[in-house]
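The block underneath contains the structure these notes are about, expressed in structure tokens.
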Amino acid sequence: MSLLSIEKRKFLKLPMPRWSALIIAAATSASMASMPFAQTTTSPERSALEIAQDYVRFIETGDREGIERSLAEDVEQIFPISSEATGDPQGLFVGKEEVLDYTYGLFRKFENLHWPDPQWTESADGRTAFLEGRGDATVTHSGERYRNVYITRFDIDDGQIVRIAEYANATLYESLGIEPTETEIEAVERVRGQ
């Protein structure tokens, strides 16, 4: 909470007629909205939560245009939990092209990919949304059911996703025997080379 909002709260607790407090609060809010530090980095029309929920819905429905619109040019997607006992991330995709290549690859690897009962939360500052849930899909090459557990963080800036951190069981994913793409291999090599 900013110092200005604390001072505003103290000020509004002073005894005065009810209508005076409302006028002062409205004037204070209007002046704060024009200050640089009061500006939000999400789209003024849409919250981080709405942007992240739309992105997941676009993946579930295969809406490539929606997915592309949701991502910033400099977006990064990281998989912090490795299948190896190194403590290093599994992989890091850098830039919209790599993230799109990875995401569109999901459509080749899985059928009916969705998150049936996700739990969503938004950070107090409104810049980050979190999904917690179990995914459900069918592996294309084997017909095997795939149900991984996810906690995914979406960082939003200026109405677009700038960072995705997907915490999931990488060992379970690797056990499916899905051949990695060249982009996925580069993402793994990128974190191993750090």
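Remember, it's a predicted structure, so these values are computed and weren't measured experimentally.
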Rounded distance [0.5 Å steps], CD1 in Ile164 versus CZ in Arg153: 12.0 Å
Single-linkage hydrophobic cluster Phe110~Leu172, side-chain heavy atoms < 4.5 angstrom: yes
CD (Glu97) with more than 12 external heavy atoms under 6.0 Å: no
Linked, directly or transitively: Val162 and Val99 (ILVMFWY side chains, under 4.5 Å): no
N/O donor-acceptor pair under 3.5 Å between Gln90 side chain and Ala170 backbone: no
Sidechain N-carboxylate O distance under 4.0 Å for Asp136, Arg145: yes
Same apolar cluster: Trp115 and Phe107, side chain cutoff 4.5 Å: yes
Between CD on residue Glu166 and OH on residue Tyr173, distance to nearest 0.5 Å: 10.0 Å
Beyond-backbone contact of Tyr55 with Thr103, side-chain heavy atoms, under 4.5 angstrom: yes
Ser47 and its side-chain contact (heavy atoms from CB on, under 4.5 Å) partner, picked from Gln53, Glu122, Arg127: Glu122
Joint hydrophobic cluster, Trp120 plus Phe130, side-chain heavy atoms closer than 4.5 Å: no
Distance in Å, Asp74 CG paired with Lys96 NZ, rounded so as to fall on 0.5 Å steps: 10.0 Å
CD on Glu132 to OH on Tyr150, rounded to 0.5 Å: 13.5 Å
Cluster overlap Phe79 with Ile185, hydrophobic side-chain contacts below 4.5 Å: no
Criterion side-chain contact (heavy atoms from CB on, under 4.5 Å) against Phe154, the qualifying member of Ile51, Val56, Thr128: Val56
Chi angles and distances behind the salt bridge (Lys or Arg N to Asp or Glu O under 4.0 Å) call for Arg190, Glu76: CA-CA 12 Å; Arg190 181 175 289 123; Glu76 290 186 354; over 6 Å; no
Side chain proximity check, Arg108 to Thr140, heavy atoms < 4.5 angstrom: no
Pair Asp63-Thr61, side-chain donor/acceptor within less than 3.5 Å: no
Between CZ on residue Arg134 and CD on residue Gln119, distance to nearest 0.5 Å: 13.5 Å
Row check, Phe58 ring normal vs Arg69 NZ/CZ: under 6.0 Å, within 45°: yes
Straight-line distance of Glu184 CD to Glu98 CD, nearest 0.5 Å: 11.0 Å
Check: Asn148 side chain, Asn169 main-chain N or O, donor-acceptor pair, under 3.5 Å: yes
